[in-house]
Amino acid sequence: MEKELAKAYDASKVEDEIYKEWEDSGFFNPDNLKDAKKPFVISMPPPNATGKLHIGHAMFLTLEDLMIRYHRMKGDKALWIPGTDHAAIASNAKVEAQLKEKGKTKYDFGQEKFIEEVQNYISNSQDTIRNQIRKMGSSCDWSRERFTMDEGLTNAVQTMFVDMHKDDLIYQGFRIVNWCPHCESTLADDEVEHKDQDAQLYYMKYGPFIVATSRPETKLGDTGVAVHPKDDRYKEYVGQVLEVDLAGHKIKVKVFADPEVDQEFGSGVIGVTPAHSQVDYAFADKYGLEMIQVIDQQGNMTKEAGKYAGQSVKEARKNFVKDLEAVGLLDKVEDYSQATSICYRCGAAIEPLMSKQWFVNVNKASKKLGKQSLKEKSIEVVKNGDINIVPDRFNKIYFNWMENLHDWCISRQIWFGHRMPVWYKLDDKEKNSPVVQVESPGKDYIQESDTLDTWFSSSLWTFSTLGWPEKTKDLKEFHPTQVMETGYDILFFWVARMIMMTTYAMGEVPFENVYLHGLVRTRDGSKMSKSKPETIIDPLDMIKDYGTDALRLSLLIGTSPGNDIKLYKEKIASYRNFVNKLWNVSRFIFSTYEKPAGYSDPQPETAIDKAILTLFDDLINKTTKDFDKFQFGQAGDRVYDFVWHEFADWYLEISKFEKTESKPQILYYILENILRLMHPMIPFVTETLWKNLDKKEMLMIAPWPEQGGYDHKEELKTFRKAKEIITDIRNLRAVYQVKPKEIINAKITKEISAEGQQLIANLAKINFTNDISKKGSVSLEYLDLALGEVIDLDQEKARLEKEKKNLENYLTGLEKKIKNIKYLDNAPPNIVEQDKLRLEEKKAEFEELERQLDAI
RNA sequence: GGAUUCGUAGCUCAGCUGGUUAGAGCGCUAUCCUCACACGAUAGAAGUCACAGGUUCGAAUCCUGUCGAAUCCACCA
C-alpha cells in the first residue's frame, strides 16, 4: 500500500492522469500487444467534425470501448480506429450560418476561400472531439486516426468512383431528383423525410375536368391528364389532346387512362406534371409526355410559367389561385393532411426537379459481384449469415429497405466535399461528354464542380481507413472488422451502404457483426433537441459531476440492444454511488490486510469461503458469456449485484468476525478479479484501484479472469439458509423495535454448526444460552428467541398465521402439481426433481411454523 | 397502405431458447451518524406482468385478437 485512499472516490482527480498513462503505454496500438494473435477490430463511427460530442456519442464510445477492452484483456489483437467525418452538407450549413451572422454569404468568399473557412472550422472541431473522446476513456489507436477527407481517403473515394464507373455501376442520368432549395443541392431518397402537414386541396376547373391538387402552381407545367380506365365519367376524352386554359395560361395535355389512378381521391382526375413529380415522371415515361419545367433550382418560377416567372413558389401559388378565382375556375378548397417531403438537414420542403446527376446503379449485375447486383449481394451476405445483425429484428427492416432500393444519387451541388474525378472539355457546356479518371486529362479540361454525397466516403470507411486501395499490411490483417457498433437510426444511411460498397470493392463483408444501440432520450421519452436546451444531457457536464465511469454504467445497465433508453441525472448519480462503493470495499480490504502471498489461488476454509468463491465463479462465467452475446446491460447488472449485495453486504461483513487465514486471500482474490471483470465497463476507477495491488502491468492489459473451479453446492445452500435465518431475526427485531445494539438471548432448538452459530450471533446480535425466559419468547426455525418484554404475543401470532396461510396455499398447489400424471409424464426429470425437493423443504418449514404457533 | 417495437411495483427498466411464491435501481416508510462507505447500514410496504381468448402438465415468456404508446418504410394527385 502506497498511500491512504480517500474516503470518497474523486473521479475528476484521477481520470485525466490515468488516460495519459494508458495512451503513453502504447497499448491502444495492437502492434504493441506482443502475444496477441487473433484480431478484433472496430471502426469507430466517425463523428461529424461539426462541433462537439453529445450523449449519443458517449453511448457508442462506452459500448465500443467495452468490447475493445474486453477483447484486449482476452488476449486478442484489439484495434479500434478513430476518426472524424467531414459531413459535407452539415459543415457547409454550419459555416454558412456563421457567415450569415456576420452579414455575409459564401458568394462573398468564392468557392476556394469558402472551403478554407470550412476547413478551419472542421479542424477546430476535430481538436474538441479528440479531447472529448479521450474524456470518455476510449482506448482507440490514435496513431491510426483518419479523416474522411484526408489524402488517403480522398484517393480511396476517387479510385472507387473510377472503378465503379468502369463497371457501369456509376452513371450520369437526367431525371427527377429530390432537390432542396435551401441547401441548393440534391438529396438521396433516404435523406428525405416525410411529414404529414395540414394543407389545402384546390379543386380547379380544368377544361372538361375538375382537377384536385395541393400544388396549383405546378399545373402550369402539366402535359397530361390521367384517369382510371374504368371510370365512365371521362371515357370519351381518353386518347385526346386537349388545350386547357388556366386563367389565361394555355397548356396542352394528353389524356390517358391508367389503373394507378384512384377514382375515389379528389375528382378521380390527375393533372400530370412530369417535371415536378416522381409519379408523374413515371407516367410521362410510360405514355410519352412532354416535360415542361416551371420551377427552377432556387424554388422560383421559370419563364415557362408565363406571367408568374420569377415569383417564388409560394407567391406564384397565391397569385395563380387568385387569378383562377377571378375567372371562376376555382371550384372549391378543402383542408387535408398531406404527406410532404422535407430535407432531413434543414427541414425545407423538397422540390422534385429534373436534373442531370450522377447515380450508383444498385440493380445492374456486376462481374465483380459474381454476376449479382449491389443490391442482391448486400441481401445475400446478411441472409447467409456472413453478417450478423444484433438485435436480429433489424434483419427484416434491412431486407425491406434493400429490396426497395432505387439508384443512389451521389452528386451534390455544395462546395465543400469530395470533388468527383470527372472532367469536361471547356467547350462542353452541357456536360455531355465526361471523362472519368483521377488525373486531369489536360489543360483544356475542367473538373466537375459537383461534390459527392458524404455517405459515399463513409461507406468505404472500414477499408479506406486501413489503406485501400494500397494493399497494406493493415488491410490484410485487420479487414474484415469484427463489429460495427452504431445507432439504428443510421442503419440505412451508413450500415447498408458500407455493406454495398465493401462487398463490391473488397469482395468481402465490411464487418462480421452489427450491433445497433438505441437512442438516448429524455426522462419523458422525447428526443433531446437543441431547441430545448434544458432537456439536453451534456456528457461532459455529467463527467464533471459524477465521473466518466458512472456515466458509462448509466449507459450500459438497464439498456438492451436496439431499444431506446431514458437518461437523467439521478440515474447517473446512483452509478456514481456504486463506483464509490467499490472504492470503499477496496479501501477496507487494502487498509485491513496486507496483500497475502499466493492469493491468486485461494484456499477456502469455511462454508462461507466456499460459498462466495462458488458464486464468484458463476459470475465470471456468466459475465463472459454475456459479453460474447452482446448482453452488456445484463452483465453490468449482475456484477453490480454481486459486488454490492453478496461481496460487500455479506462476505465483507462476515470477514470482520470470522477470522481465518483464508480471508485475506479470498478478499484480495475476489477484489482483483472484480477489477478485471469490471474494467471494460468502468476503466478509470478499476485501473486506479489496481495500482494498490503493486502489479507490474496495467490492468488494461491484464488477462481476463478465468474460473477458479470452485463448485461447492452444499456450502452455497448453507450460506443461503444462514442469510435467511439472519434476515428473519433482523425482521423480528425491526417489528418489535429492539434497539440495534441490544443483544438477544437465544436457545438452539435444532442442530446448527458452530460456524452457523457464529454467523447468527454476529450478524443478528444474538447471545446463545440455554436459559431464556419463556415469557416474550418466540420460536424461529432452529432458535428460540427471547425478545425481552417488547414482544406482543398476539401480534406475533397473527403474523405467523398469515405466513402459515401463504405457505399452505403454496403447498397445496405444489402438491397438486406433483401428483399430476401429465406433469410427471411431460416435464423434464430435473424439473420434477427440483419441485419434489422444494416440496420437502417447504413442508418442513410449514411444520416448524405450526410448532411455533403451538408454542405461543 | 406495409412493417417493427413497447405496454412488468409511484418512476426508469431487467427478465435471452416457457419450469422457484416475478427482480433491480430510484422514490417511499421505519430504525440507525455500528471502527470501508450517510454517495452508507438494516428491515419493510408496494405488481390480477395492458385486456380477452388459445396452445401446454406448466405462460410475464409462445399463438390470435382488442386497446394504448412510439418508430421506420411507402410515388396517393
Side-chain angles (χ1 to χ4, degrees), chain A residues 5 7-9 190 194 201 211-215 218 226 260-262 264-273 277-282 338-339 341 352 391 393-394 396-397 400-401 404 488-489 491-492 518-519 523 525 546 550 557-560 562-568 570-571 573-592 626 629 631 633-634 637-638 640-641 645 648-649 652-653 656 727 730-735 737-741 763 765 806-807 809-810 813-814 817 820-828 830-832 834-835 838 842:
Chain A
L5 296 184
K7 196 169 169 181
Y9 173 61
D190 49 309
H194 301 274
L201 196 59
V211 162
T213 178
S214 60
R215 302 198 51 191
T218 63
E260 289 270 303
V261 179
D262 180 355
E264 305 301 316
F265 188 89
S267 57
V269 180
I270 304 178
V272 179
T273 326
S277 153
Q278 299 263 11
V279 193
D280 293 3
Y281 177 77
Q338 186 199 17
S341 303
R393 67 183 142 92
F394 283 97
K396 220 171 174 177
I397 298 174
N400 180 272
W401 186 82
N404 294 304
Y488 65 74
D489 53 330
L491 177 63
F492 306 137
L519 271 35
R523 184 165 208 150
Y546 304 109
I557 298 181
T559 69
S560 47
N563 292 326
D564 294 350
I565 68 153
K566 291 168 192 161
L567 188 68
Y568 39 88
E570 291 86 337
K571 211 176 201 171
S574 79
Y575 292 115
R576 185 270 320 266
N577 295 354
F578 171 79
V579 169
N580 190 241
K581 185 76 184 180
L582 178 62
W583 176 263
N584 272 289
V585 165
S586 311
R587 190 158 82 101
F588 172 77
I589 295 173
F590 293 148
S591 63
T592 312
D626 281 342
K629 287 193 297 181
Q631 298 278 346
Q634 194 163 270
D637 199 31
R638 209 195 303 281
Y640 179 107
D641 185 63
H645 301 304
D649 285 353
L652 219 65
E653 289 305 317
K656 287 176 183 172
T727 306
R730 285 170 171 173
N731 185 10
L732 277 179
R733 298 179 65 111
V735 170
Q737 296 180 359
V738 180
K739 290 257 154 35
K741 281 178 184 164
L763 295 175
K765 293 262 169 13
N806 277 342
L807 200 53
N809 288 341
Y810 176 61
L814 198 57
K817 183 179 176 187
N820 188 332
I821 290 174
K822 281 185 178 169
Y823 164 76
L824 292 172
D825 284 350
N826 290 306
N830 60 319
I831 296 290
V832 178
Q834 192 181 300
D835 281 342
R838 193 175 305 136
K842 294 293 163 183

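Every value quoted in this text rests on a predicted model; they were computed, and no experiment measured them. All values below were derived from every heavy atom in this structure, side-chain atoms included, with hydrogens, water molecules and symmetry-related copies excluded. In what follows, chains are A, B, ... by sequence order, proteins preceding strands, each numbered from 1.
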(request) Among the candidates B:rA77, B:rC72, B:rG15, find the nucleotide nearest to the side-chain atoms of A:I270. (result) B:rA77

(request) Select one nucleotide: of B:rG25, B:rA77, B:rC57, the one nearest the side-chain heavy atoms of A:D262. (result) B:rA77

(message) Between P on B:rA14 and CG on A:D626, what's the gap in Å once rounded to a whole number?
(response) 14 Å

(request) Quick one: the dot-bracket string of RNA chain B, using Watson-Crick and G-U wobble pairs with both distances under 3.5 Å, [ ] for crossing pairs and | for bases paired to another strand. (result) (((((((..((((.....[...)))).(((((.......))))).....(((((..]....))))))))))))....

(message) Measuring only the C1' atom in each nucleotide, how far is B:rC49 from B:rA24? A whole number of Å is fine.
(response) 15 Å

(message) Counting the atoms with a prime plus P, OP1 and OP2 as sugar-phosphate, which does A:N826 contact under 4.0 Å by heavy atoms, base, sugar-phosphate, or nothing?
(response) base

(request) Can you tell me the distance, in whole Å, between the OH atom of A:Y488 and the P atom of B:rA70? (result) 14 Å

(message) Rounded to whole Å, how long is the line connecting atom CG of A:L519 with atom P of B:rU5?
(response) 17 Å

(message) Rounded to whole Å, please give me the gap between OH in A:Y575 and P in B:rA14.
(response) 11 Å

(message) Once side chain to side chain donor-acceptor pair (under 3.5 Å) is applied, do any residues pair with A:Y568, and if so which ones, sequence neighbours excluded?
(response) none

(message) Please report the distance separating the P of B:rA46 from the corresponding atom of B:rU29, rounded so that it comes out in whole Å.
(response) 16 Å

(request) Using atom OH of A:Y640 as one end and atom P of B:rG15 as the other, report the distance to the nearest whole Å. (result) 18 Å

Pairs: protein N or O with nucleotides 7-13 of chain B N or O, under 3.5 Å:
unit_1: B:rU12; atom_1: O4'; unit_2: A:Y568; atom_2: OH; d: 3.1
unit_1: B:rU12; atom_1: O2'; unit_2: A:K571; atom_2: NZ; d: 3.0
unit_1: B:rC13; atom_1: OP2; unit_2: A:K566; atom_2: NZ; d: 2.8
unit_1: B:rC13; atom_1: O2'; unit_2: A:G558; atom_2: O; d: 3.2

(message) I'd like to check the ring pair (Phe, Tyr, Trp, His ring centres under 6.0 Å) partners of A:F394; sequence neighbours left out, ordered by chain and number.
(response) A:Y488

(message) Are the side chains of A:R587 and A:K7 in contact, using a 4.5 Å heavy-atom criterion?
(response) yes

(request) Under 4.0 Å between any heavy atoms, over every strand shown, what does A:F492 touch: base, sugar-phosphate, or nothing? Just pick one. (result) sugar-phosphate

(message) Taking B:rA69 as the reference, what is the distance to B:rC32 when you measure between their P atoms (whole Å, please)?
(response) 48 Å

(request) Look at all strands and tell whether A:P352 reaches a base, only sugar-phosphate, or nothing, counting heavy atoms closer than 4.0 Å. (result) nothing

(message) In this structure, how many angstroms lie between the P atom of B:rG1 and the CG atom of A:N404, rounded?
(response) 18 Å

(message) Tell me the interatomic distance from A:K396, atom NZ, to B:rU71, atom C1', rounded to whole angstroms.
(response) 16 Å

(message) What's A:R393 touching, base or sugar-phosphate or nothing? Going by heavy atoms closer than 4.0 Å.
(response) sugar-phosphate

(message) Please compare A:I831 and A:S574 by the position of their nearest nucleotide in RNA chain B and report the one closer to 5'.
(response) A:I831

(request) Assess A:K656 against A:F588: is NZ or CZ under 6.0 Å from the centre of the six-membered ring, and within 45 degrees of the ring's axis? (result) yes

(request) Please find out if less than 6.0 Å separates the ring center of A:Y575 from that of A:Y546. (result) no

Distances for protein N or O near nucleotides 36-40 of chain B N or O, under 3.5 Å:
unit_1: B:rA36; atom_1: O3'; unit_2: A:R587; atom_2: NH2; d: 3.1
unit_1: B:rA36; atom_1: O2'; unit_2: A:N584; atom_2: OD1; d: 2.3
unit_1: B:rA36; atom_1: O2'; unit_2: A:R587; atom_2: NE; d: 3.2
unit_1: B:rA36; atom_1: O2'; unit_2: A:R587; atom_2: NH2; d: 2.7
unit_1: B:rA36; atom_1: N7; unit_2: A:K656; atom_2: NZ; d: 3.2
unit_1: B:rA36; atom_1: N6; unit_2: A:E653; atom_2: OE2; d: 2.6
unit_1: B:rA36; atom_1: N3; unit_2: A:N584; atom_2: O; d: 3.3
unit_1: B:rC37; atom_1: O4'; unit_2: A:N584; atom_2: OD1; d: 2.9
unit_1: B:rC37; atom_1: O4'; unit_2: A:N584; atom_2: ND2; d: 3.4
unit_1: B:rC37; atom_1: O2'; unit_2: A:N580; atom_2: OD1; d: 3.4
unit_1: B:rC37; atom_1: O2; unit_2: A:K581; atom_2: NZ; d: 3.1
unit_1: B:rC37; atom_1: N3; unit_2: A:K581; atom_2: NZ; d: 2.9
unit_1: B:rC39; atom_1: O4'; unit_2: A:N577; atom_2: OD1; d: 2.8
unit_1: B:rC39; atom_1: O2'; unit_2: A:N580; atom_2: OD1; d: 3.3
unit_1: B:rC39; atom_1: O2; unit_2: A:R576; atom_2: NE; d: 3.1
unit_1: B:rG40; atom_1: OP1; unit_2: A:N577; atom_2: ND2; d: 3.3
unit_1: B:rG40; atom_1: O3'; unit_2: A:K581; atom_2: NZ; d: 3.3

(message) Going by centres under 5.5 angstrom and planes under 30 degrees, do the aromatic ring of A:Y810 and the base ring of B:rU21 stack?
(response) yes

(request) In whole angstrom, give the distance that lies between atom CD of A:Q631 and atom P of B:rA14. (result) 11 Å

(message) Between A:D641 and A:D637 (side chain of the first, backbone of the second, donor and acceptor by atom type, cut-off under 3.5 Å), is there such a pair?
(response) no

What nitrogen or oxygen pairs link the protein and nucleotides 46-49 of chain B at under 3.5 Å?
none

(message) Quick check: any donor-acceptor pair below 3.5 Å linking the side-chain of A:K842 to the base of B:rU21?
(response) yes

